[in-house]
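Structure first, commentary second.
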Amino acid sequence: MPRFDLPLDELQSYRPDIPEPSDFDAFWTDTLTAARSHDAPATITPHVTPLTQLEVFDVTFPGFAGDPVRAWLTVPAGAEEALPAVVEFNGYGGGRGLPVERLAWAASGYAHLFMDTRGQGSGWGTGGDTPDPHGTGPSGSGFMTRGIDDPADYYYRRVFTDGVRAVDAARALPQIDATRVAVTGGSQGGGIALAVAGLSSDLRACMPDVPFLCHFSRAVGLTDHDPYQEIVRYLAVHRGAEERVFRTLSYFDGAAFAARATAPALFSAALMDLTCPPSTVFAAYNRYGASDKEIRVYPFNDHEGGQSRQWWEQAEFLAARI
């Protein structure tokens with residue numbers, strides 16, 4: 001597969017104008033204030049697994065509109081003190097799965113909170129457990145166009161709010177040191193991590209891996225891969241809706257959240273990535289608000305990016321900052 005996007009030297013300085021609505025900050029302040037009015041504490045229940053060196057807890061916390069959101073908390077067995085934590089968000093279509101699937105962070109001495117993504121979990125993996133009880137208007141297949149006529153109804157308003165509330169919940173858990181929390185995720189999870197970093201304060205790190213949900217206007221015209229193609233198919237049917245659709249998306253662009261983030265950041269991009277084109281990743285990276293930021297580039301990889309190699313990079317990056 002040939003490279004299809006900008007060359008690396010141009011990516012490194014690529015800083016497009018990303019339109020932002022004038023009420024972007026007020027929209028998110030109001031959204032989070034409403035969500036935090038549902039202040040019930042998270043429930044946490046020990047979960048029996050075959051693991052002997054790690055302990056797993058089934059966590060439920062109030063997300064958008066107080067809706068119950070599920071997560072797995074995994075910690076080293078026998079930990080007697082509150083631990084630094086990694087809050088992780090999942091890729092598109094997957095659910096939280098089984099609690100034995102993501103063990104590296106806990107095995108490295110962290111508390112690991114892995115959030116289920118509402119309404120997802122039936123595209124790959126071993127399933128999800130969090131419904132999305134909110135209806136929307138007409139939409140195409142997938143999640144990208146659910147509620148896209150109005151930012152107040154858009155699917156990712158609920159998901160990004162869940163992500164912020166996952167950090168809130170993590171900070172209140174006795175297993176976690178509230179002053180040492182980082183966020184991460186790959187693809188969709190990286191886009192959620194960017195949103196959370198732009199909306200939460202005092203994070204120790206943000207580590208978006210080949211992040212999705214960035215620079216929508218370029219992505220939908222550059223790649224023929226889903227999930228961005230869901231928007232293309234919607235607009236092919238709803239002719240003339242472009243202005244309304246891209247206005248909604250402007251409230252959810254990872255590049256806008258990146259500009260508001262202050263935590264140290266480690267990004268990754270793959271130059272042959274047809275799902276999240278590298279220019280969309282660099283659009284967010286180059287706008288990221290912290291001076292302490294780095295990006296790892298994988299010149300010959302598609303959307304898989306660096307995989308375990310990138311996790312190793314993240315582990316070394318985080319150890320120096322948490």
Side-chain angles (χ1 to χ4, degrees), residues 63-64 69-72 87-98 101-102 114-132 134 136 139-148 154-164 166 183-197 206-216 218-220 222-235 245 248-249 251-255 257-258 267-270 272-278 280-281 283-284 301-307 310-311:
F64 178 86
V69 179
R70 304 287 291 276
W72 294 122
V87 178
E88 185 173 0
F89 309 107
N90 207 4
Y92 192 83
R96 67 171 182 166
L98 300 175
E101 295 176 11
R102 299 169 182 86
F114 188 76
M115 187 186 87
D116 207 18
T117 310
R118 64 169 60 221
Q120 298 190 27
S122 299
W124 55 271
T126 51
D129 298 299
T130 302
D132 182 16
H134 300 270
T136 66
S139 63
S141 60
F143 302 93
M144 293 297 292
T145 61
R146 293 189 181 183
I148 203 167
Y154 190 47
Y155 172 74
Y156 281 102
R157 182 185 183 216
R158 302 189 289 279
V159 173
F160 290 173
T161 301
D162 292 347
V164 173
V183 294
T184 191
S187 191
Q188 174 186 252
I192 299 171
L194 275 174
V196 173
C206 174
M207 299 179 292
D209 184 14
V210 290
F212 178 47
L213 304 167
C214 298
H215 197 3
F216 290 105
R218 180 170 176 83
V220 299
L222 184 61
T223 179
D224 62 357
H225 278 43
D226 282 340
Y228 285 120
Q229 275 292 302
E230 294 175 21
I231 298 170
V232 174
R233 289 193 293 271
Y234 179 91
L235 290 172
V245 164
T248 291
L249 293 173
Y251 288 87
F252 304 92
D253 199 309
F257 292 112
F267 283 65
S268 75
M272 293 186 172
D273 189 343
L274 287 166
T275 302
C276 297
T280 68
V281 176
N301 288 94
D302 195 342
H303 194 50
E304 77 280 0
Q307 296 180 312
Q310 182 63 17
W311 180 86

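These numbers come from the heavy atoms of this one structure, side chains and all, not from hydrogens, waters or symmetry mates.
A donor-acceptor pair is defined here as one N or O able to donate and one able to accept, closer than 3.5 Å; such a pair exists between the side chain of T126 and the backbone of L98. Put simply, the side chain of S187 never gets that close to the backbone of G91: no donor and acceptor are under 3.5 Å apart. Remark: the backbone N or O of V210 is paired with a side-chain donor or acceptor of S268 at under 3.5 angstrom. In this structure, Q307 contributes its side chain and E304 its backbone to no donor-acceptor pair below 3.5 Å. Although no hydrogens or angles enter the test, the distance criterion places a donor-acceptor pair under 3.5 Å between the side chain of Y154 and the main chain of M144. The backbone N or O of V69 lies less than 3.5 Å from no partner atom in the side chain of T130, so there is not a single donor-acceptor pair. Side-chain atoms of D116 come within 3.5 Å of backbone atoms of R96 as a donor-acceptor pair (strictly under, hydrogens ignored).
Between the NE2 atom in H303 and the CG atom in L274 there is a gap of 10.5 Å [rounded to 0.5 Å].
You'll find the side chain of Y251 stays beyond 4.5 Å of the side chain of R157, heavy atoms only.
For an aromatic pair to be called close, the ring centres must be under 6.0 Å apart, and F212 with Y228 satisfies this.
Ring geometry for Y92 versus F143: interplanar angle over 60°, hence perpendicular rather than tilted (30 to 60°).
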Subject >> Residues M115, D162; criterion side chain to side chain contact (heavy atoms under 4.5 Å, CB included); working and verdict >> reply: CA-CA 9 Å; M115 187 186 87; D162 292 347; 4.0 Å; yes
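With respect to R218 and D253, no salt bridge is recorded, no charged nitrogen being found less than 4.0 Å from a carboxylate O.
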